[in-house]
A.B. asks: 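To start, I am sharing the structure in question, which I have written as structure tokens.
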Amino acid sequence: MKRTVPAFLCYVCCLATAACSGVAVRQDEDPGDLYLEVSAHYGEDSVKREAARWLIDGMRWHHTLDGPLLDRYLGYYHLYSERGNGILPLIDSLVRRDGYSKSTLQPVSDLSAISAPYLVHNIDRSFWTRDSLPWCRPTGWDDFVRYVLPYRIKDERPTMWRDSVLDMYSPVIDSLRRSGCNSPLAAARAIMAAWNSREFKWTGRLPEGPAIGLANVRDKGGSCLEFAHGVVYLMRAAGIPSGIDMVPARGENNSSHFWPFIKDADGKTYVTCTENTTFVPADSFDIRAPKIYRLEYAADSAILERLPVGIEYPMYLSPPCISDVTSVYKPEGCHTLSLEVADDVCAPVYLAVSSNDRWIPVAMSVTDSAGVFDDVCGGVVACIGTWDGKSLTPVGYPFEIDVATGKIREIKGVDETAKVSIYSKFPVDERNGDLVYRIVGGRIEGARHADFRDAVTLFTVTEMPKRRMTVAYPSGGYGSFRYYRYVGPPDGYCNIAEVSLYGNAGDTVPLNGNVFGTPGSWDNDPVHTFEKVFDGNPDTSFDYKEAEGGWSAIDLGRPVEVRKIMYVPRNRDNYVRAGDVYELFWYGEGKWNSLGKQQAFGDSLSYYVPRGALLYLRNHSRGKDERIFEYDFEKREQKFW
């Protein structure tokens, strides 16, 4: 059975991507000589001359990150693609030995580095696919130029990648060609199926660096960005219009996200990503974000005209080679926001969503005179503000954007305070990559025989735990058993961190015994075996090698009636944990205001907070994942945004 990829892996990787510095822009080099050389080569072929002009005009926004240690960096990826997670400690040691970091690489402008022969080869091969492969013929000129013709995707080292990819996947491409396939979508799905025959190894722990280029096709490992690059190389080499769509910040966690798309003969967008192994319509893709953009080769002139001169652009505009495709994904869910902005606020005004306790710009107002934003999706908390080149200065209070109507609900606290109980600093749901959901349906069994042939179910987990440690009391009448075990639910990989059994409801010391269970763990990881379930350490966990069939048991040595059960789900360590120091903040007057620090003595914190305020919990002891939330006083629970 193929294991579902936790969204957490994409999340971690995209955090690193979002932190990258801006692009090196070369305005001082004249592309005229390059164009003259390429133009002379094509003579009277005005179509290819036009293609060359378009590529050369966009070169000022592109560069290669290169240096003596680039090959070492590419080697880390290759090693990981062959060996998987078990090799990560060795890669870490190699990075230290080599002295590698992204800062050891320097940008080399395409205007100075891309040669006329290289450009000619790229143009010729692009046109060959357009003219020779039947599924390419329906592609219009605009889609061909923007999503087939570009010679690079990001800042990778330029190579003759089109020939290499066509050679690697010639069996499937030749088969499609002989069959007369005339659908870009059908061809894309067939090529994707061939690529998916070897598993992509997901991780967020490889060192930061440039795009790895052609190796993305061969060395299938990394983050959502490496996955997207590999697919785009495949599709463009086969003449299928393809590129990368992204959200600069999601509306439910602190990350950006990238995924590949293709365009079919009718211009409709289809996507594939960690959640979908084949291409599906873009409007069926489940992504929660106020804005969705398409990465382009060329800069958007309308954006350039409005960007202030002399300051760094917000990350999503660095470089400003994007187009807005929010309505492609949410054709029925886009709204126009018209927000009041004081006359003394400097234009342009940005719409922003949170990442930890910072506000990240995701859209620029459509005019300089007002806070008007087109095609915005709801279901998120946002604010507006101005950008000084380093950070956003909020204007007014944060607000919720309603999903259905686009109406604004301002979030601001009142003077009245009330007591709240806080159990986590970040949402622990599946959408945000946590593993807590895998405990739902798991059960505690008791038996008088070690093979559990007479097993009796004492307790079943029926809902997602809201706190780190949950206590349950079996209803009674089951009697005494020598053997007890936790059995994971279907598709749960027997994921659990800890189970403690007690003979009496008032006991604080759990029962001890010999632990046994189903051998094996996912990816043969020795850290996540069945022994961890009863080891008394809630920071360790069991991750069985199969989706179901796993269990961990304890032999108490004698029959004992269990009257209390404490369990901890396998989790990403975002629950409140004893011993850590926390600080709660509420948002008001354009800033986060502290409600004081506390050391947790259990798995919850108690504070008095302004009713209706936006809140944020920081862990000063460990971790990075923290998210804004409101408190629902009726349900007595946190509502994360």
A.B. asks: Would you say the side chains of R627 and N253 form a donor-acceptor pair under 3.5 Å?
C.D. replies: no
A.B. asks: Could you please spell out the steps behind the side chain to side chain contact (heavy atoms under 4.5 Å, CB included) verdict for T203 and L88?
C.D. replies: CA-CA 10 Å; T203 186; L88 286 170; 4.0 Å; yes
A.B. asks: Check whether any side-chain N or O of S223 sits under 3.5 Å from a backbone N or O of L225 as a donor-acceptor pair, and report yes or no.
C.D. replies: yes
A.B. asks: Identify whether the distance between the nearest side-chain nitrogen and carboxylate oxygen of K201 and D523 falls below 4.0 Å.
C.D. replies: no
A.B. asks: Measure from the ring center of F629 to the ring center of F640 and say whether it is less than 6.0 Å.
C.D. replies: yes
A.B. asks: Test your reading of the model: is there a side-chain donor-acceptor pair from D625 to the backbone of N574, 3.5 Å cut-off?
C.D. replies: no
A.B. asks: Please report the shortest heavy-atom distance between M566 and Y502, naming the atom on each side.
C.D. replies: CB-CE1, 4.0 Å
A.B. asks: Any salt bridge linking E630 with K639? Criterion: basic side-chain nitrogen under 4.0 Å from a carboxylate oxygen.
C.D. replies: no
A.B. asks: Tell me if the centroids of the rings in W551 and F452 come within less than 6.0 Å of each other.
C.D. replies: yes
A.B. asks: Is it true that D573 and R577 make a salt bridge, defined as a side-chain N closer than 4.0 Å to a carboxylate O?
C.D. replies: yes
A.B. asks: Quick one: are the ring centres of F459 and Y567 less than 6.0 Å apart?
C.D. replies: yes
A.B. asks: Minimum heavy-atom separation for D155 to A211, with atom names?
C.D. replies: OD1-N, 2.8 Å
A.B. asks: Parallel, tilted or perpendicular: which one describes the rings of W522 and Y493, with boundaries at 30° and 60°?
C.D. replies: perpendicular
A.B. asks: Just say parallel, tilted or perpendicular for the rings of Y100 and Y76, cut-offs at 30° and 60°.
C.D. replies: perpendicular
A.B. asks: Rounded to the nearest 0.5 Å, how far apart are CD of E626 and OH of Y582?
C.D. replies: 9.0 Å
A.B. asks: Mind checking whether Y293 and Y316 have ring centres under 6.0 Å apart?
C.D. replies: yes
A.B. asks: Between Y329 and D286, is any pair of side-chain heavy atoms under 4.5 Å apart?
C.D. replies: no
A.B. asks: Aromatic ring centroids of F227 and W202 under 6.0 Å?
C.D. replies: yes
A.B. asks: Measure across L70 and P210 and return the closest heavy-atom pair with its distance rounded to 0.1 Å.
C.D. replies: CD1-CG, 3.8 Å
A.B. asks: If you apply the rule side chain to side chain contact (heavy atoms under 4.5 Å, CB included), what do you find for Y544 with H528, and how did you get there?
C.D. replies: CA-CA 8 Å; Y544 188 49; H528 294 292; over 6 Å; no
A.B. asks: I565 and V562: side chain to side chain contact (heavy atoms under 4.5 Å, CB included), yes or no, with the steps?
C.D. replies: CA-CA 7 Å; I565 301 167; V562 167; 4.0 Å; yes
A.B. asks: For I444 and Y486, which heavy atoms make the closest approach, and how far apart are they?
C.D. replies: CD1-CD1, 3.9 Å
A.B. asks: Is atom CZ of R636 surrounded by more than 12 heavy atoms (other residues, nucleotides or ligands) closer than 6.0 Å?
C.D. replies: yes
A.B. asks: Can a donor-acceptor pair be found, under 3.5 Å and without considering hydrogens, that links the side chain of E82 to the backbone of Y80?
C.D. replies: no
A.B. asks: Using a strict 4.0 Å threshold on nitrogen-to-oxygen distance, state whether D555 and R482 make a salt bridge.
C.D. replies: yes
A.B. asks: Between R453 and D451, is there a side-chain N and carboxylate O pair less than 4.0 Å apart?
C.D. replies: yes
A.B. asks: Would you say the rings of Y77 and Y73 are close, in the sense that their centroids are separated by under 6.0 Å?
C.D. replies: yes
